[in-house]
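In what follows, every chain begins at residue 1, and chains take the letters A, B, ... in the order their sequences are listed.
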Number of protein chains: 2
Amino acid sequence: MKINPVDVLKEHSLKHTKQRVRVLEEIALDTVAISQPELEKKLGKEIDRVTLYRILNIYEDKGILHRIMDMNGTANYAICSTACTADHHHDEHVHFNCTNCSRIYCLDVKVPKMTMPEGFKAATINTTAYGICEKCSLQVKEN
Amino acid sequence: MKINPVDVLKEHSLKHTKQRVRVLEEIALDTVAISQPELEKKLGKEIDRVTLYRILNIYEDKGILHRIMDMNGTANYAICSTACTADHHHDEHVHFNCTNCSRIYCLDVKVPKMTMPEGFKAATINTTAYGICEKCSLQVKEN
DNA sequence: ATTTAAATGCAATTATGTTGCTTTAGTTGT
DNA sequence: ACAACTAAAGCAACATAATTGCATTTAAAT
Ligand SMILES: [Mn+2]
Ligand SMILES: [Mn+2]
Ligand SMILES: [Zn+2]
Ligand SMILES: [Zn+2]
């Protein structure tokens, strides 16, 4: 997802600050999601922890980032598709969480439709597959 | 899921302690999953926090409980089906997390099969639907 | 340039989870 | 029933994650 942080801020009428630009830049570096702890490690010298939390929350609210929880309950962030808005995240793709390297991928796989029991009304469905990712599969073969 | 805590402990060759029995009793009270914070609130006077964590971890390892992470990264626990073992959790059903009352249900809906991209090998797939549960739907109608 | 409002940074607090070590209590064998 | 052994519980300390209130800074608007 190739984005221009400054434009993104404008589009969502968010004040342009160097902290906000840095966070977006950092997350946009990779298509793989990045965790809050990783972000804090990378940006902790430039940006206060609290500010980072606030920026991530705002980005999620605005539909700029989407948050994927891993099995340890750690928040991971990835750039949303441009179709996402504050009201509705178009995040109905499957995520893949590698149990080896713990990378989280946004797959180009739609979450399958499924029928809810009587009385249950699903608004969004979240699917995460756990297993070995392509990079880790390759590494195993090499050895 | 009607279970006898004492039997469960025997079956998994776990020492029978009053703390372990209490935790299982508490979780078995409801088919709906219960969160770690709720458990701590209910049992905190009888059982030390650390002990509770250790019991929950052991139960998960042994395949007695399964852990469902909600969207806030909070651990929720429910009794596993009897088919679950330490090696393999038969947890391939869909979970439903009510966005109103935040209850987590284990639905009798299988996680649909889906194809992973080249190179990705999924071992388990986790699906959680978010929306309004049956109880909350009813309450809305009443008003 | 001045004003205004919003965002940042900092300190303090709460929640969550883990580790090492001591004490307690089940279990096993006599 | 008792002793011996071992696993589990409890406690203190620590680590990390997340939130809140408030003072200060900075971007945007006039
Ligand atoms: Mn995604
Ligand atoms: Mn379940
Ligand atoms: Zn991997
Ligand atoms: Zn509900």
Exercise. How close or far is atom P of dA7(C) from atom CD1 of Ile47(A), stated in whole angstroms?
Worked result: 15 Å
Seminar exercise, completed: One would report the end-axis bend of the helix from dA1(C)-dT30(D) to dT30(C)-dA1(D), five pairs per end and rounded to 10 degrees, as 30°
Problem set entry | 5'-most by nearest nucleotide on DNA chain C - Val50(A) or Ala75(B) | Val50(A)
For this session: Would you kindly give the CG-to-P distance between Asp70(B) and dA18(D), to the nearest whole Å?
Result: 12 Å
Problem set entry | Nearest-Å distance for atom pair NZ/C1', residues Lys10(A) and dA28(D) | 12 Å
Exercise. For atom CG of Asp108(A), is the number of surrounding heavy atoms from other residues, nucleotides or ligands below 6.0 Å larger than 12?
Worked result: no
For this session: Quickly work out the Tyr53(B) OH to dA15(D) P distance and round it to whole Å.
Result: 17 Å
Exercise. Quick one: are Asn126(A) and Asn97(B) in side-chain contact, heavy atoms under 4.5 Å?
Worked result: no
Exercise. Considering only heavy atoms and no angle criterion, is a donor-acceptor pair shorter than 3.5 Å present between the side chain of Arg49(B) and the base of dG17(C)?
Worked result: yes
Exercise. From the list dG9(C), dT19(D), dT16(C), which nucleotide is the closest neighbour of the side chain of Asn57(A)?
Worked result: dT19(D)
For this session: Could you check if a side-chain atom of His12(B) sits within less than 4.5 angstrom of a side-chain atom of Lys62(B), using non-hydrogen atoms only?
Result: yes
Exercise. Do the rings of Tyr105(A) and Phe120(B) sit parallel, tilted or perpendicular, given the 30° and 60° boundaries?
Worked result: perpendicular
Exercise. In whole angstrom, what separates Gln36(B)'s CD from dT18(C)'s C1'?
Worked result: 13 Å
Exercise. Expressed in angstrom and rounded to an integer, what is the separation of Glu40(B) atom CD from dA9(D) atom C1'?
Worked result: 15 Å
Exercise. Just how far, in rounded Å, is C1' of dA18(D) from CG of Leu39(A)?
Worked result: 15 Å
For this session: Please tell me if the side chains of Met69(B) and Met71(A) come closer than 4.5 Å, counting only heavy atoms from C-beta onward.
Result: no
Exercise. Considering the options Lys41(B), Arg22(B), Lys18(B), which one meets the salt bridge (charged side-chain N to carboxylate O under 4.0 Å, His left out) requirement together with Glu46(B)?
Worked result: Arg22(B)
Exercise. Under a single-linkage definition using a 4.5 Å side-chain heavy-atom cutoff for Ile, Leu, Val, Met, Phe, Trp and Tyr, are Tyr130(B) and Ile104(B) assigned to the same hydrophobic cluster?
Worked result: no
For this session: Any chance you could list the contact pattern along nucleotides 21-30 of chain C? Use B for base contacts, S for sugar-phosphate-only contacts and - for none, protein heavy atoms under 4.0 Å, 5' to 3'.
Result: -----BS---
Exercise. In whole Å, what is the span from the CG atom of Leu52(A) to the C1' atom of dA7(C)?
Worked result: 14 Å
For this session: Decide yes or no for Ile3(A) and Ile64(A): does some side-chain heavy atom of the first lie under 4.5 Å from some side-chain heavy atom of the second?
Result: no
Problem set entry | Contact nearer the 5' end of DNA chain D, comparing Asn72(B) with Ser13(B) | Ser13(B)
For this session: Could you tell me how the ring of His93(A) sits relative to the ring of His66(A): parallel (under 30°), tilted (30 to 60°) or perpendicular (over 60°)?
Result: perpendicular
